[in-house]
Peer 1: 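Below is a structure I'd like to ask you about.
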2 protein chains.
Amino acid sequence: MQSQNISDIIEKYLKSILADAEHVEIRRSEIADLFNVVPSQINYVIKTRFTIQNGYLVESKRGGGGYIRIEKVNLLDDADVLDTLIQVIGDAITQRDAYAVVQSLYEDGVLNRREAQLILVATDRNTLGVDDHDLENSLRARIIVGILNHLRYES
Amino acid sequence: MQSQNISDIIEKYLKSILADAEHVEIRRSEIADLFNVVPSQINYVIKTRFTIQNGYLVESKRGGGGYIRIEKVNLLDDADVLDTLIQVIGDAITQRDAYAVVQSLYEDGVLNRREAQLILVATDRNTLGVDDHDLENSLRARIIVGILNHLRYES
DNA sequence: ATAATGAAAGTCAATATTAGTCAAAGATAA
DNA sequence: TTATCTTTGACTAATATTGACTTTCATTAT
């Protein structure tokens with residue numbers, strides 16, 4: 001039984017809509033009501049699960065008639081995906097964001113499953129095994145950026 | 001058959017579930033309650049009895065709705081070879097030796113060209129970019145050993 | 001036009017809910 | 001006896017939930 005927390009359930013709900021549509025547009029309070037959570041939890045879900053690393057673009061508007069719109073972007077349409085990703089990663093990246101990045105590359109066909117797994121293992125917290133978090137995140141960034149740069153020349 | 005300590009009993013309990021299912025997903029505190037032990041004993045059981053060497057993969061999540069998930073995986077035939085390599089590598093390896101290891105894995109067909117390249121990039125001196133040579137060599141070892149451990153099973 | 005009002009969404013920090021680590025103490029086996 | 005394995009619990013870390021307060025925008029009133 002997975003998804004015991006509400007955030008995961010809301011995530012799945014939104015993604016199920018995105019499976020059929022290019023984008024989803026919601027009213028924050030409606031979704032919050034639907035799942036019986038406070039409105040700001042919707043922001044939490046979006047911030048942790050619909051980032052650009054995950055391949056989503058989010059825009060919103062406040063005030064009357066406000067909305068939140070989530071769009072799935074195909075990174076491959078962009079000629080310089082890799083550049084964009086490298087920029088986003090910068091010089092440090094958490095394991096969670098790294099997972100999102102690798103997952104996106106897999107979904108876009110840049111990496112196959114095995115390659116994606118290899119990268120995740122190589123950059124796993126436990127694999128690196130350093131206790132300094134900043135060092136861990138910067139090593140992870142260097143490894144992933146190094147691989148992305150390699151992929152650019154290779155293809 | 002005097003495996004009467006609680007760790008053994010918990011181990012059997014979890015394995016009896018895994019006999020019928022591909023994986024088990026537990027809430028740590030629930031299992032701890034069930035057997036009247038402190039939660040951290042579950043970690044002990046997992047760490048000592050559900051290792052990758054035994055063919056188990058473990059993943060977990062903290063926070064609300066957290067869980068520990070244990071999956072039984074199929075160990076591959078080359079597992080022995082990989083074990084040997086892992087031993088040889090130990091806790092540090094130079095870039096030169098790493099190259100040799102990866103090269104031989106490629107020649108043995110364990111890795112394809114692209115995968116081999118990925119690993120070499122990930123463990124390259126410049127990628128890691130640490131000044132301390134000992135740290136560099138130990139990181140390289142950890143990454144390669146992590147990947148080798150991953151290669152021991154399928155999917 | 002401008003000001004006032006109300007209706008959204010955003011931010012942030014406090015709190016809650018899990019799991020992980022580690023080392024000391026206790027038990028068992030060699 | 002000594003080495004190894006097990007049990008325990010205090011402390012740490014990650015993730016989720018909540019709510020008070022802020023900001024933005026559209027509409028209505030002056």
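Below, chains carry the letters A, B, ... as their sequence lines are ordered, and counting in each starts from 1.
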Peer 1: Between Q53(A) and S104(A), does any side-chain donor sit less than 3.5 Å from a side-chain acceptor?
Peer 2: no
Peer 1: More 5' along DNA chain D: G63(A) or S7(A), using each one's nearest nucleotide?
Peer 2: S7(A)
Peer 1: Between N5(A) and D8(A) (side chain of the first, backbone of the second, donor and acceptor by atom type, cut-off under 3.5 Å), is there such a pair?
Peer 2: yes
Peer 1: What is the distance, rounded to the nearest whole Å, between atom OH of Y67(A) and atom P of dA9(C)?
Peer 2: 11 Å
Peer 1: Taking C-beta and beyond as the side chain, do L148(A) and L151(A) meet within less than 4.5 Å on heavy atoms?
Peer 2: yes
Peer 1: Taking CD1 from I68(A) and C1' from dA7(C), how many angstroms apart are they, rounded to a whole number?
Peer 2: 14 Å
Peer 1: Atom CD1 of I26(B) to atom P of dT18(C): distance rounded to whole Å?
Peer 2: 13 Å
Peer 1: Tell me which residues in residues 34-54 of chain B put a heavy atom below 4.0 Å from DNA chain C, sorted by number, or none.
Peer 2: S40(B), N43(B)
Peer 1: Provide the start and end nucleotides, 5' to 3', of the part of DNA chain D that has atoms under 4.0 Å from heavy atoms of chain A.
Peer 2: dA14(D) to dA26(D)
Peer 1: So what does G66(B) touch, heavy atoms closer than 4.0 Å: a base, only the sugar-phosphate, or nothing?
Peer 2: sugar-phosphate
Peer 1: Please compare G64(B) and S60(B) by the position of their nearest nucleotide in DNA chain C and report the one closer to 5'.
Peer 2: G64(B)
Peer 1: Nearest whole Å is fine: how far is dA29(C) C1' from D8(B) CG?
Peer 2: 14 Å
Peer 1: Closer than 3.5 angstrom, by distance alone: can the side chain of Q41(B) be matched with the main-chain N or O of V38(B) as a donor-acceptor pair?
Peer 2: no
Peer 1: Expressed as a whole number of angstroms, how long is the span from E59(A):CD to dA8(C):P?
Peer 2: 18 Å
Peer 1: Measure from the side-chain N and O atoms of E115(B) to the backbone N and O of N112(B), and report whether any donor-acceptor pair falls under 3.5 Å.
Peer 2: yes
Peer 1: Find which nucleotide of DNA chain C each of E30(B) and R27(A) is nearest to by heavy atoms, and output the residue with the more 5' nucleotide.
Peer 2: R27(A)
Peer 1: Return the CD1 to CG distance between I147(A) and L82(A), rounded to the nearest 0.5 Å.
Peer 2: 12.0 Å
Peer 1: Would K72(B) and Y153(B) count as a cation-pi pair here, with the cationic atom under 6.0 angstrom from the ring centre and within 45° of the axis?
Peer 2: no
Peer 1: Can you tell me if R140(B) uses its side chain to pair, donor with acceptor, with the backbone of I93(B) under 3.5 Å?
Peer 2: yes
Peer 1: Looking only at atom types and distance, does a side-chain atom of T127(B) sit under 3.5 Å from a main-chain N or O of A122(B), one as donor and one as acceptor?
Peer 2: no
Peer 1: Ignoring hydrogens and angles, does a donor from either the side chain of R28(A) or the base of dG10(C) sit under 3.5 Å from an acceptor on the other?
Peer 2: yes
Peer 1: Nearest whole Å is fine: how far is dT21(C) C1' from R125(A) CZ?
Peer 2: 13 Å
